[in-house]
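Structure first, then comments.
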Amino acid sequence: MFEGLKYFIDGLLGFMTVRTIFDVLWSTQLGIIVGMLPGLTATMGVALMTTLTFSMPPENAILILVCMYIGAIYGGGRSAILLNIPGTPANAATAMDGHPLAMRGEAGQAIGISTTGSFLGSIIGMVLLAFCTPLLGNFALNFQSFEFFWLAIFGIVISGNLTAPKDPIKGWISGFLGIFVALIGMESIHGFVRFSFGNTNLAGGINLIPAMVGAFGFAEILSMMKYEQVNVVKTRIKRIIPRVAQIVKFRYTIIRSGLIGTLIGAIPGVGEDIAAWVSYDFAKRGSNKPDEFGKGSVEGLIASETGNNAAVAGAVIPVLSLGIPGSAPAAVLLAAMFIHGVRPGPMIMIESPDFVYKVVAMVFLATCAMFILGLSMVRYVVKILQVPRTKLMPIIFTLCVVGSFAIQSRVFDVRVMVFFGILGFLMKEMEYPVAPMILGLILGTMLDTNFRRALVIAEGEILPFISRPICLVLIFFIVITLVSKTKWFNRLLSGIKQAVKKLFQKRGNHG
Amino acid sequence: MVKKDFITSIVLLAFSLSIVVSSYTMPRLERRNIDPFSAPGVVPGMIGCILLILALILLVRSVRRGGYLLFSAAAQESGGHRGAAWRVILTLAISLIYAVGLLGRIDYTMVTLLYVFVFIVLFEYRRGLPLSAQLKIVGYALLQALIAALLITLVFRKLFLVDLP
């Protein structure tokens with residue numbers, strides 16, 4: 001533990017140069033602006049920034065990406081409060097209470113509270129990131145091909161389930177489509193080219209960054225252009241710094257939302273939006289004034305903002321320890337790490353443990369910058385929201401084009417971006433979540449290689465797949481996730497609940 | 001949504017069937033003496049089968065809810081605003097012309113200037129406005145397109161040393 005603290009302090013001191021502090025400040029501020037602007041999501045911001053930081057030293061580049069990520073998830077709350085349009089999907093729950101507060105003339109207070117909630121959520125997430133990554137990484141050292149295969153399936157199933165709560169089948173279809181896309185091109189065991197139809201570009205496979213820029217950038221542009229411009233709430237932003245008493249009053253909500261946010265963030269492919277909603281839901285259930293939720297509740301606002309920012313650090317836990325992203329922006333972060341020669345995964349605690357704590361230090365710096373920038377220059381920065389989308393969207397699209405082209409200088413990647421943009425838009429229209437598809441795109445190679453390797457090791461036997469202890473645990477969770485939305489399972493669950501209740505009541509009566 | 005689900009399930013069914021068939025016909029590389037369990041078609045075939053099952057569930061569910069009655073009054077679903085559809089089609093069309101048609105064939109700065117200008121004018125132009133207001137919209141659009149195209153080119157090429165199409 002003390003070794004970890006030493007690595008963290010060393011990492012932090014290493015970043016204490018004028019150049020690095022400058023990088024932290026501009027990238028976090030840019031992240032806040034990207035998050036604020038509807039149509040520019042955190043995923044797209046991190047993906048575009050990956051292109052820009054391509055030629056930088058790895059640590060500086062990853063620091064900038066972390067700052068952009070944290071800034072964007074926080075910044076989305078601004079437009080949720082002032083426009084009632086979440087800047088990123090992670091801020092949808094923020095709009096529920098943030099916007100009514102702004103309508104009451106308390107926009108400044110709402111921004112201050114969301115900033116403090118985001119700061120505290122991020123700090124809770126950071127502490128858990130520092131503690132849980134080594135634990136999970138060391139545990140994952142026991143994983144073999146069998147476990148990695150089930151882990152990939154588990155990632156798809158749970159991501160599909162949580163991102164499409166109304167209709168999980170659509171989430172699973174999205175995830176398995178993503179796995180199929182990852183199988184296009186040359187496979188890693190025999191070098192055989194699959195599904196390329198003689199196209200040399202397709203033989204090289206589908207690059208993650210253009211696919212993500214399309215699915216989260218171009219698709220978002222098409223969605224935004226569907227609607228007419230919405231006006232910013234005309235309110236004077238008065239006091240922004242929140243009252244300490246108000247924060248102390250909701251300390252339990254903050255801690256609970258921070259823990260929930262980190263946990264949800266750490267689940268593969270689920271992300272900050274679900275974290276915010278679950279935190280919000282728990283806060284409402286535990287509140288003394290649940291009726292105020294949705295009408296400008298400070299507690300609701302604090303819960304959603306703490307939850308979504310805690311999920312950022314949470315999403316980085318599986319990135320570092322398993323090489324699996326917890327959210328869509330974390331998927332880009334993972335891809336960026338690979339681009340810069342860092343290989344996250346179970347071996348990271350053996351090969352470069354200092355890097356894990358450097359990432360913790362990066363999260364800390366980004367969180368501090370977000371807090372300072374979030375409470376200053378608010379009145380000037382929110383003016384950006386007044387830029388009409390007809391002027392903004394063409395520029396965003398040109399950035400999408402540059403972002404997808406620049407990594408490999410291939411026009412083919414621009415076409416991939418456009419294709420995934422149209423696909424992402426259609427999926428949204430048909431109520432298919434996009435995040436599982438992106439997770440599938442990342443997990444596809446892992447699933448393919450490990451499944452076939454495991455089959456060869458087991459000489460075609462299925463028994464090792466279902467008899468190893470960790471496999472059994474993963475299969476149990478997969479089955480539970482698959483049946484959790486079925487009517488008979490819910491009936492069974494409520495039956496068990498009733499039986500337990502009766503048992504306790506009987507005991508109580510006897511007592 | 002039921003009607004949309006019915007259509008997508010049929011598309012998915014056809015797609016997953018094609019994956020299964022092409023995985024089955026994929027070479028098993030016997031000549032190279034490789035283990036048949038590591039053949040390239042194993043995992044695509046499995047994924048194709050999973051997608052096939054999920055598409056079938058979606059199809060059965062939508063049929064049960066009457067999604068196959070594509071043209072009946074009961075199955076008519078609100079298609080949203082006509083204006084919204086036009087805005088999306090217009091955005092898609094000019095973006096496709098820019099990214100797939102022109103990019104790489106004409107100078108990047110020039111084509112970006114053209115794209116931004118056309119985009120703004122198409123969405124901000126109002127026929128009923130007086131001529132001076134119309135000219136103002138076109139003028140501002142040209143100015144913004146010029147600044148955006150030059151700035152993007154300069155920042156990416158000179159500052160971040162990034163290749164542009």
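Proteins come first, then strands; the chains are lettered A, B, ... in the order of their sequence lines, and each starts at number 1.
Counting heavy atoms from C-beta on, the side chains of B/Phe156 and A/Leu399 come closer than 4.5 Å. Contact of the B/Ser95 side chain with the A/Val418 side chain is not registered, since no non-hydrogen atoms from C-beta on lie closer than 4.5 Å. Annotation: side chain of A/Phe425 is in contact with side chain of B/Val88 (closest heavy-atom distance under 4.5 Å).
Not a single donor-acceptor pair under 3.5 Å links the side chain of B/Glu124 to the backbone N or O of A/Thr390. Looking only at distances, a side-chain donor or acceptor of A/Arg194 sits under 3.5 Å from a matching main-chain atom of B/Pro40.
Applying side-chain contact (heavy atoms from CB on, under 4.5 Å) to B/Thr8 and the options A/Lys170, A/Met427, A/Met430 leaves one that passes, A/Met430.
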Does the side chain to side chain contact (heavy atoms under 4.5 Å, CB included) test come out yes or no for B/Met26 and A/Phe195, once each step is laid out? CA-CA 10 Å; B/Met26 225 174 248; A/Phe195 306 109; 3.7 Å; yes

Verify side chain to side chain contact (heavy atoms under 4.5 Å, CB included) between A/Phe405 and B/Leu103, making sure each step is shown before the conclusion. CA-CA 11 Å; A/Phe405 178 82; B/Leu103 215 69; over 6 Å; no

When you look at B/Phe37 and A/Arg452, which way does the side chain to side chain contact (heavy atoms under 4.5 Å, CB included) test go after all the steps? CA-CA 6 Å; B/Phe37 294 114; A/Arg452 288 190 288 155; over 6 Å; no

Working note: B/Phe123 + A/Met225, criterion side chain to side chain contact (heavy atoms under 4.5 Å, CB included); need CA distance, chi angles, decisive distance, verdict. CA-CA 9 Å; B/Phe123 285 101; A/Met225 289 311 292; 3.7 Å; yes

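Within the 4.5 angstrom heavy-atom criterion, only side-chain atoms of A/Val414, from C-beta onward, approach chain B. Of the atoms belonging to B/Leu164, heavy atoms from both backbone and side chain fall under 4.5 Å from chain A. Contacts of B/Val42 with chain A are made by side-chain atoms alone, with heavy-atom separations under 4.5 Å and no backbone atom involved. For chain B, the nearby parts of A/Thr398 are the backbone and the side chain; heavy atoms of each come within less than 4.5 Å. At a 4.5 Å heavy-atom cutoff, B/Tyr140 makes no contact with chain A through either its backbone or its side chain. In this structure, the portion of A/Phe149 lying under 4.5 Å from any heavy atom of chain B is its side chain and not its backbone. In this structure, chain A has heavy atoms under 4.5 Å from both the backbone and the side chain of B/Leu54. For A/Leu177, the parts lying under 4.5 angstrom from a heavy atom of chain B are both the backbone and the side chain. Both the backbone and the side chain of A/Phe176 come within contact range of chain B, judged by heavy atoms closer than 4.5 Å. For chain A, the nearby parts of B/Ala99 are the backbone and the side chain; heavy atoms of each come within less than 4.5 Å. Only the side chain of A/Leu183 comes within less than 4.5 Å of a heavy atom in chain B; its backbone stays farther off.
The CZ atom of A/Arg453 lies 11.0 Å from the OG atom of B/Ser38; values are rounded to the nearest 0.5 Å. Atom CD1 of B/Ile47 sits about 8.5 Å away from atom CG of A/Asp448, to the nearest 0.5 Å. Summarising the geometry, atom CD1 belonging to A/Ile169 is positioned 4.5 Å from atom CD1 belonging to B/Ile57; distances are rounded to the nearest 0.5 Å.
Heavy atoms from other residues, nucleotides or ligands lying under 6.0 Å from CZ of A/Phe419 number 12 at most.
Taking all atoms of both residues into account, the shortest heavy-atom contact from B/Leu58 to A/Ile173 is CD2-CD1, 4.1 Å.
Under a 4.0 Å N-O distance rule, the pair B/Lys4/A/Glu431 does not qualify as a salt bridge.
Aromatic pair B/Tyr115/A/Phe397: ring centres closer than 6.0 Å.
With chain B as the partner, the residue from A/Leu447, A/Thr53, A/Thr51, A/Asp167 showing the most heavy-atom pairs under 4.5 Å is A/Asp167. Note: A/Leu222 leads A/Leu426, A/Val411, A/Leu222 in heavy-atom pairs under 4.5 Å with chain B. Of all the listed residues (B/Leu90, B/Val100, B/Val155), the one sharing the greatest number of non-hydrogen pairs under 4.5 Å with chain A is B/Val100. Among the candidates B/Ala55, B/Gly104, B/Ala141, B/Pro27, the residue making the largest number of heavy-atom pairs closer than 4.5 Å to chain A is B/Pro27. Your options are B/Thr112, B/Val43, B/Leu122, and the one with the most heavy-atom pairs under 4.5 Å with chain A is B/Val43.
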